[in-house]
Structure formats: structure tokens, C-alpha cells
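Letters A, B, ... are given to chains in the order of the sequence lines, protein chains preceding strands, and every chain is numbered from 1.
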Amino acid sequence: MSIFALNLIPFNMLTQLIKESALAALQHFYHDETFTIDSVNVNETKAEFKGDYTIVLFPFIKMLRCKPDELGQRLGGYLIQNNSQLFTEFQIVSGFLNLRVSDQFFTSLLQQNWHNADYGTTKSTAKKIMVEYSSPNTNKPLHFGHLRNIFLGYALGNILKQNGNDVVKANLINDRGIHICKSMVAWQRYANGATPQSTDIKGDHLVGDYYVKFNDVYKAEIAALLVQGMDEKQAEKEASIMQEAQQMLRQWEAGDPAVYNLWQTMNAWVYEGFAVTYKKLGVDFDKMYYESNTYLLGKSIVEKGLEKGVLFRKEDNSVWIDLTDEGLDQKLLLRGDGTSVYITQDIGTAVLKYNDFNLDQSVYVIADEQNYHMQVLQLILKKMGEPCAAGIYHLSYGMVELPTGRMKSREGTVVDADDMIAEMLRMAQEQTEQTGKADGFSAEELNQLYTTIGMGALKFYLLRVDPKKKMIFDPKESIDLHGFTATFIQYAHARICSILRKEQLSVMPAINTFEGLTLNEKLTKAEKDILMALEQYPNIIETTATEMNPSVLCNYSFQLAQLFNTFYDQHSISKAENEEKKQLRLMMIVMVAQTLRHGMKLLGIDLPEKM
RNA sequence: GGACCGGUAGCUCAGUUGGAUAGAGCAUCAGCCUUCUAAGCUGAGGGUCAUUGGUUCGAAUCCAAUCCGGUUCACCA
């Protein structure tokens with residue numbers, strides 16, 4: 001058996017290889033039966049048994065009318081004889097065939113990929129995919145809930161791109177409507193011309209303050225009207241500040257220059273603020289959409305739908321679609337006065353996106369409270385025969401809640417995004433100083449380090465949970481920097497870099513560094529565990545992409561770091577038993593570091609070389 | 001009420017194309033730094049996988065019913 005022979009084996013699918021080998025063996029012994037690759041069930045062998053991978057024999061024994069032991073002996077024997085470069089021994093334990101995979105398989109995998117910066121890249125599916133995320137309103141700053149959306153969208157964009165797709169990262173700005181007018185009215189009434197410059201308040205926060213102010217005043221006005229004996233519904237309508245806001249919306253739609261000007265000015269403040277936050281978050285967009293630009297297109301598409309007879313008009317002139325045959329209701333698409341509703345704009349944007357980029361798929365990162373809305377949107381587009389309908393995918397994620405319940409901006413219970421970022425950096429600093437690891441860095445390096453650690457922790461915290469699950473965040477307990485965190489992974493990486501520095505190697509040594517190395521030493525359990533994990537990385541990337549679930553990658557990266565830490569504790573690298581072992585281990589940790597960096601980069605998380 | 005999502009250790013979460021004695025982290029307890037970074041490692045305790053029934057050689061995973069929690073069903077966005 002030579003390592004050379006293994007060069008012909010594709011290394012990205014060990015379980016697939018095992019399945020194929022087992023299938024061939026089955027076909028060899030039982031010609032008359034038809035087997036499928038999917039009927040071969042391969043799992044990692046449980047720790048308490050000898051072996052690496054396990055084939056479950058039960059599915060076959062019924063069909064073949066034989067005893068598990070008998071089948072296991074035949075299969076095991078055949079596999080070892082005919083795939084000697086892959087399997088070295090087998091054992092049958094009550095219906096399970098446990099196979100030991102050769103050390104050479106793993107060391108060859110390592111030799112061929114330790115320097116491969118693209119390890120983990122899977123076959124190109126080459127689709128044109130848009131990922132829309134963030135999508136803020138321009139009446140208030142970003143809060144903690146938005147962060148989950150933003151990190152998910154950004155990570156997803158990277159991951160889809162990694163899988164060979166052409167990705168457009170898009171942001172749809174909700175910049176028009178009554179809610180925007182609210183902060184404008186309050187600013188006009190109470191700000192005395194205050195600007196971000198004059199107050200030294202970040203633009204999005206300044207505007208957000210007046211949105212809060214609006215609601216305070218509105219509540220007070222309602223209360224006053226109630227005292228006068230008005231009923232609640234009427235009071236909500238009659239409150240003067242609300243009337244002003246509605247008046248302003250009408251003026252805006254009519255193109256009133258003064259209102260339009262104010263709208264542009266205040267939105268510009270918000271965009272400046274958002275830009276600062278996005279930069280801190282390390283995210284970006286290829287394309288911006290503004291609802292003020294798309295809502296008219298939505299209207300025109302609705303008109304087309306009327307002509308086609310897909311939609312219908314009621315007596316009051318409002319336009320509807322009938323979705324009762326889909327088990328849903330009738331939905332309003334245009335008001336009686338001809339103005340658009342929420343979904344009208346979304347119809348316009350969906351079509352515009354499709355036309356702009358000829359998309360195969362359009363991913364919407366939107367909270368799960370909009371599941372119904374997205375379902376309706378897709379149905380409407382389908383009924384109207386719009387080609388964009390087929391590619392719409394709603395990546396629905398659960399809300400981030402406080403222990404006391406949902407965050408509500410009107411009730412002042414939101415955790416502000418900028419505050420959260422600052423808090424994370426502060427914690428990173430505190431923790432670093434506490435453990436006495438702040439020495440040997442310049443002030444600038446320290447700042448960089450605190451950002452890397454703080455932002456990494458924040459991103460990982462929000463990405464490590466399955467998106468569809470809601471999550472509870474307790475600001476009082478804040479975010480830990482121990483255990484299942486980005487810090488843990490960063491630390492493992494820094495340890496590896498430290499060893500490499502000591503060995504005078506760079507983080508990614510020259511390709512000929514380990515040339516001429518023969519690998520005859522037997523692998524220890526800790527070494528093999530790491531190599532087995534590395535072997536699985538391409539599959540992990542693929543799963544993360546197909547399931548659109550970055551938490552898969554979070555879990556994997558944490559496990560890999562954990563395996564490294566265990567290995568690190570048990571074995572010395574610099575003082576390995578012999579030179580061959582040392583070189584092997586160096587090669588291993590280079591690949592571990594490379595893989596961790598690769599995965600974390602997709603999530604938008606940096607790994608420091610020193611911490 | 002209808003639709004959708006969730007319920008796994010004290011807490012936060014993995015694990016579901018059905019596989020062996022259900023796993024991590026935090027918290028608790030006990031160990032490990034004259035040797036490559038202890039932001040780490042090793043071990044212990046902690047579970048009727050919401051409940052009940054069914055399918056199966058085998059169920060946290062599939063099916064049915066029930067209970068609990070959330071979201072949604074606006075001429076708001």
C-alpha cells in the first residue's frame with residue numbers, strides 16, 4: 001500500500017466513499033438483489049466502540065434473510081481486501097459493522113490540502129442569487145434585533161458565494177410612509193433646527209429621538225382628549241400631532257418641496273448614521289433599493305394584474321386578489337383612493353430586483369412575524385405570472401427577545417445596536433486586562449484586538465443558534481467570552497499561530513515546507529479526531545449553504561477548535577516524539593488554523609494571530 | 001378559531017433522510033500551569049427528549065391526538 005495510490009481518491013466525501021465501497025461489496029455477494037446507495041447507512045462510530053465509521057447492517061438482513069454477523073463478516077472482509085488503502089480493520093457489534101479507516105487516508109488528505117486556501121469550496125452551482133438583509137426604516141437607529149438579521153444576511157451571502165454562486169447583497173430601505181413622517185413632524189415641532197452637527201448626536205439617533213418624542217406627545221394628546229370625554233378610537237384619530245403627520249404624508253406624496261426637502265435632509269442624517277454602524281459591523285451591500293422608488297412600480301403592476309383579470313376591483317374602487325382557493329383570504333392591493341399598501345411596494349421591489357439582475361433566486365432575510373406576508377407576496381406574484389415568483393425564498397428567523405418579552409422601540413425597551421457594540425468592546429478590553437494579556441501590544445493593536453474579540457463574540461452569539469428559533473438575550477448577564485463562543489475559536493487560532501511563530505513558520509508556510517516528509521507513524525486518537533473533522537469541512541460548508549443555516553458552521557468550528565485544544569493539551573508539537581511527528585503536527589495545525597479562518601471569515605469573524 | 005413555528009439537563013442550545021448507553025457550553029463540585037498562550041484541559045453530578053397512543057428489530061427523530069409558549073390572520077409598515 002502506498003500513499004501514492006491515494007492520490008486518485010477524491011477527498012471530499014469519505015462517507016460517500018464508504019457507501020460506494022459497501023454498495024460494491026453488497027453487489028458482489030448478492031447479485032440478484034438491487035441495492036441503492038441511500039440504503040447504506042453510515043455514521044461515525046460511537047466513542048465506546050473500536051472504529052471510525054459504522055455501517056448499519058439491519059436494513060439488509062431482512063431483505064437478504066441472513067444474520068447480521070454473517071453479513072458483517074462478508075462485508076467487512078471484502079472491504080478490507082478490496083479497499084486496503086482505505087480500511088484497515090473491522091469489527092461487528094450487534095448489527096453494526098465498525099470500520100477503521102487507515103491513517104494513510106487521513107495523512108494523504110492532509111498532505112494534499114494543508115496548503116489549499118480553497119479547501120471547503122464545493123462544486124459551483126453558479127446561480128445568480130440576491131440576498132436582501134438589514135432593510136431598515138429610516139425613522140430610528142438599528143437595534144439588537146436588527147443585528148441578527150444583518151449578521152445572518154451577510155454570512156449567508158458569503159456562504160452562497162463560497163458555493164460558487166454569483167451573489168448580490170441588497171438592502172431595501174423603507175424610507176417612506178406615515179412612520180417616517182412621525183419623526184419629521186416631531187422634529188419640526190420641537191427640534192429648533194437641531195442637526196447632528198449642532199448637537200453632536202449621530203444622525204440616526206437624532207431622528208430616532210424625535211420618533212420617540214412623537215409617540216410621547218401623541219400619547220399625551222390622546223390622554224387629554226380622553227379626559228374631555230372623547231372615545232379612544234376617535235382620540236387616536238383626532239390627536240393633532242397625528243393629523244399633522246398624515247397631512248405631511250399627503251404633502252409628501254404630492255411632492256410638496258418643503259416636505260420633500262425635510263424628508264431628504266433627515267433621511268440623509270439617518271444614512272450617515274447607518275453607514276457608521278454598518279462599517280463597525282463589517283458588513284456591506286452591492287445594491288440599495290428605496291421603497292420611495294419602488295412603490296409606484298408596484299402600483300403599475302397591480303394595474304397590469306387588473307387588465308389580466310387576476311385582480312378585481314370592488315365598489316369602493318379598492319383592488320383585491322382572491323386567495324381563497326389557496327386556503328387564504330382576499331387581500332387588498334390598492335386602497336379605494338388609489339394609494340398603495342405595504343404589499344404593493346413589495347410586489348414592485350420583487351419585480352425590479354428580478355429585472356435588474358435576472359435572478360435565479362431571491363433570498364429575503366426577514367423575521368418570522370412576516371411569514372404570512374411573504375407567503376402572500378409569493379402567491380400573488382405567481383398568480384400574476386411574474387417570473388420572479390419561483391425564486392423567492394424567505395429566510396425566516398425568530399425574533400430576539402428580552403427576558404421581559406419583545407423589544408419595543410415605542411416603549412423604550414430596545415437594546416440599541418451602537419450601545420451593544422460599545423459594550424462588547426468594553427467587555428473584550430476588561431477581559432483582556434483581567435487575564436493580564438494586554439502586554440506586548442501597542443495601543444493601536446489593542447484597539448484592533450478588542451474590536452476583533454468584541455465583534456466576534458457578538459456575531460457568533462447571534463449566529464450560533466438555528467435562525468428559525470427565537471432567542472432570548474439577557475443584557476444583564478451579557479455575553480460570555482468563555483465556552484461556545486468566537487473567543488474560544490480565536491484563542492485556539494492564536495495558540496496555533498504562537499506555535500508557528502516559535503517554529504519560525506508563517507501562518508501559511510511556503511508550499512515546500514513539508515516536502516519529502518514520509519508519514520509512517522501511527523496516528524494518536526487526538527490526531528485522528530482532528531483529521532476526521534477536517535475531512536468533513538467541505539460537507540459542512542455545503543450543508544450550511546443548502547440549509548441556509550450558519551449555525552451549522554458555528555457548531556463545526558467550535559468542535560474543531562475544541563479538538564485542537566484537547567490535542568494541544570495531550571501532545572507537544574515543538575517537542576514531539578520525533579521529527580516526523582513534529583512535521584506532521586505542524587502540518588495539521590496549519591490546516592486547522594486555515595480551516596478555522598476560512599469558516600469564520602464566511603461568518604464575518606476575524607481570528608487574531610495573538611491574543 | 002384557522003395557519004405557521006417552537007417545547008431536549010437549573011439556564012442557553014446541538015442532535016430529526018429512524019440506529020448502539022441522547023451531547024456541548026454556562027452554572028455547581030473535584031483536579032491540572034518550573035514544559036508550545038489556563039480566554040485552556042480532565043473528571044463528577046444533573047434528562048419520564050411536553051404528554052399519550054401508534055408504526056418498527058430499533059423512535060428525541062416518522063404518524064395521530066392532546067397540553068403549553070410564540071407569531072400571524074389590518075384599507076399599519
(request) Assign the ring pair A/Phe558 / A/Phe488 to parallel, tilted or perpendicular, where the plane angle (0 to 90°) is split at 30° and 60°. (result) tilted
(message) Once you measure the plane-to-plane angle for A/Phe58 and A/Phe96, does it fall in the parallel (<30°), tilted (30-60°) or perpendicular (>60°) bin?
(response) perpendicular
(message) OP1 or OP2 of B/U37 versus the side-chain N and O atoms of A/Ser498: is any pair under 4.0 Å?
(response) yes
(message) Does the structure show A/Phe96 stacking with B/G19, if we require the centres to be closer than 5.5 Å and the planes to be within less than 30 degrees of parallel?
(response) no
(message) Check the phosphate of B/C36 against A/Lys502, side-chain N and O only, distance under 4.0 Å to OP1 or OP2. Yes or no?
(response) no
(message) Counting only side-chain nitrogens and oxygens, does A/Arg335 get under 4.0 Å of the OP1 or OP2 atom of B/A77?
(response) yes
(request) Tell whether A/Asn98 reaches the base of B/A20 with its side chain through a donor-acceptor pair below 3.5 angstrom. (result) yes
(message) What's the closest nucleotide to the side chain of A/Glu369 if the choices are B/A20, B/G40, B/U71?
(response) B/U71
(message) Under a 3.5 Å cut-off for both contacts, is B/A77 paired Watson-Crick or G-U wobble with anything, and if yes, with which nucleotide?
(response) none
(request) Would you indicate, yes or no, if B/C5 has its OP1 or OP2 atom less than 4.0 angstrom from a side-chain nitrogen or oxygen of A/Ser396? (result) no
(message) Of the options B/U37, B/A77, B/G40, whose atoms approach the side-chain atoms of A/Gln345 most closely?
(response) B/A77
(request) Taking atom C1' in both B/C41 and B/G54, compute the distance separating them and give it to the nearest angstrom. (result) 47 Å
(message) Please report the distance separating the C1' of B/C29 from the corresponding atom of B/U71, rounded so that it comes out in whole Å.
(response) 41 Å
(request) Check the angle between the aromatic planes of A/Trp252 and A/Trp263 and answer parallel, tilted or perpendicular using the 30° and 60° thresholds. (result) perpendicular
(request) Find the distance A/Phe564:CZ to B/A38:C1' and express it as a whole number of Å. (result) 14 Å
(message) Roughly how many Å apart are B/A39 and B/U34, using the C1' atom of each and rounding to a whole number?
(response) 22 Å
(message) Treating A/Gln490 as the side-chain partner and A/Asp606 as the backbone partner, does any N or O pair qualify as donor plus acceptor under 3.5 Å?
(response) yes
(message) Using whole Å, what does the distance between atom P of nucleotide B/A39 and atom CG of A/Asp480 come to?
(response) 13 Å
(request) Identify the nucleotide, in any strand shown, that forms a Watson-Crick or G-U wobble pair with B/C57, with both distances under 3.5 Å; if there is none, say none. (result) B/G19
(message) Classify A/Met471 by what it touches in the nucleic acid, base, sugar-phosphate, or nothing, heavy-atom distance under 4.0 Å.
(response) sugar-phosphate
(message) Using ring centroids (six-membered ring only for Trp), state whether A/Tyr556 and A/Tyr537 fall under 6.0 Å.
(response) yes
(message) Nearest to the A/Val341 side chain among B/C36, B/C75, B/U21, which nucleotide is it?
(response) B/C75
(message) Output the rounded distance in Å from NE2 (A/His373) to C1' (B/C4).
(response) 16 Å
(request) Have a look at A/Phe488 and say if it touches a base, only the backbone sugar-phosphate, or nothing, with a 4.0 Å heavy-atom cut-off. (result) sugar-phosphate
(request) Find the distance A/Gln559:CD to B/G15:P and express it as a whole number of Å. (result) 10 Å
(request) Could you state the atom-to-atom distance from CD of A/Gln246 to C1' of B/A77 in whole Å? (result) 14 Å
(request) Would you kindly give the OH-to-P distance between A/Tyr461 and B/A39, to the nearest whole Å? (result) 23 Å
(request) Heavy atoms only: give me the nearest A/Ala428-A/Tyr450 pair and the separation to one decimal. (result) CB-O, 3.6 Å
(request) Output the single nucleotide from B/A77, B/C57, B/G70 whose closest atom is nearest the side chain of A/Phe58. (result) B/C57
(message) With heavy-atom distances below 4.5 Å as the criterion, would you say the side chains of A/Ser318 and A/Leu334 are in contact?
(response) no
(request) Starting from the 5' end of RNA chain B, give me the residue, A/Asp329 or A/Asn371, whose nearest nucleotide shows up first. (result) A/Asn371
(request) Report yes if at least one side-chain N or O of A/His482 is closer than 4.0 Å to OP1 or OP2 of B/G40; otherwise report no. (result) yes
(request) Name the residue closer to the 5' end of RNA chain B, choosing between A/Gly336 and A/Gln375 according to the nucleotide with the nearest heavy atom. (result) A/Gln375
(message) Any donor-acceptor pair, under 3.5 Å, between the side chain of A/Lys46 and the base of B/U21, if you only look at N and O atoms?
(response) no
(request) When you get a sec, tell me which of B/A77, B/G19, B/A74 is the closest nucleotide to the side chain of A/Asn41? (result) B/G19
(request) Ignoring the backbone of A/Asp316, work out which of B/A20, B/A39, B/C75 is nearest its side chain. (result) B/C75
(message) Students often get this wrong, so: under 4.0 angstrom with heavy atoms, is A/Thr339 touching a base, only sugar-phosphate, or nothing?
(response) nothing
(request) Scan A/Asp466 against the nucleic acid and name what it touches under 4.0 Å (heavy atoms): base, sugar-phosphate only, or nothing. (result) sugar-phosphate
(message) Quick check on B/C5: is either OP1 or OP2 less than 4.0 Å from any side-chain nitrogen or oxygen of A/Tyr372?
(response) no
(message) What's A/His571 touching, base or sugar-phosphate or nothing? Going by heavy atoms closer than 4.0 Å.
(response) base
(request) Between B/A14, B/C75, B/G19, spot the one nearest the side chain of A/Ser318, thanks. (result) B/C75
(request) Quick one: label A/Ile472 by what it contacts on the DNA or RNA (base, sugar-phosphate, nothing), any heavy atom closer than 4.0 Å. (result) sugar-phosphate
(message) Would you measure the distance from the P atom in B/U8 across to the matching atom in B/U52 and give it in whole Å?
(response) 16 Å
(message) Does the Lys NZ or Arg CZ of A/Lys610 fall within the cation-pi geometry relative to A/Phe441 - under 6.0 Å from the ring centre and within 45° of the axis?
(response) yes
(request) Look at the side chain of A/Asn565 and decide which nucleotide, out of B/C36, B/A39, B/C41, has an atom nearest to it. (result) B/C41
(message) Any base atoms under 4.0 Å from A/Thr54, or only sugar-phosphate, or nothing? Heavy atoms, all strands.
(response) base
(request) For nucleotides B/A22 and B/G45, find the distance between their P atoms and express it as a whole number of Å. (result) 14 Å
(message) Counting distance alone, no hydrogens or angles: does the base of B/A20 have a donor or acceptor under 3.5 Å from a partner atom on the side chain of A/Thr45?
(response) no
(message) Let's see if you can work this out: which of B/U17, B/A39, B/C36 has an atom nearest to the side-chain heavy atoms of A/Gln431?
(response) B/A39
(message) From C-beta outward on A/Lys575, which listed nucleotide comes closest to its side chain: B/U12, B/A39, B/U35?
(response) B/U35
(message) From OH of A/Tyr491 over to P of B/G40, roughly how many Å is that when rounded to an integer?
(response) 7 Å
(request) Identify whether any heavy atom of A/Val56 sits under 4.0 Å from a base atom; if not, whether one sits that close to sugar-phosphate; answer base, sugar-phosphate or nothing. (result) base
(message) Looking at A/Lys469, I'd like to know whether one of its side-chain N or O atoms comes within less than 4.0 Å of OP1 or OP2 on B/G7.
(response) yes
(message) Using whole Å, what does the distance between atom P of nucleotide B/A74 and atom NZ of A/Lys233 come to?
(response) 13 Å
(request) Flag this pair as yes if the NZ/CZ of A/Arg495 is under 6.0 angstrom from the six-membered ring centre of A/Tyr568 and inside a 45 degree cone about the axis; otherwise no. (result) yes
(message) By the 4.0 Å heavy-atom rule, please label A/Tyr568 as base, sugar-phosphate, or nothing.
(response) base
(message) Between A/Lys470 and B/G6, is there a contact of a side-chain N or O with OP1 or OP2 at under 4.0 Å?
(response) no
(message) Side-chain N or O of A/Gln562 versus OP1/OP2 of B/G25: is the shortest distance under 4.0 Å?
(response) yes
(request) Measure up the A/Tyr342 and A/His373 rings against each other and bin them: parallel (under 30°), tilted (30 to 60°), perpendicular (over 60°). (result) parallel
(request) Check the chi torsion on B/C33 and let me know: syn if it falls within 90° of 0, anti if not. (result) syn
(message) Does B/A39 have OP1 or OP2 under 4.0 Å away from a side-chain N or O of A/Arg495?
(response) no
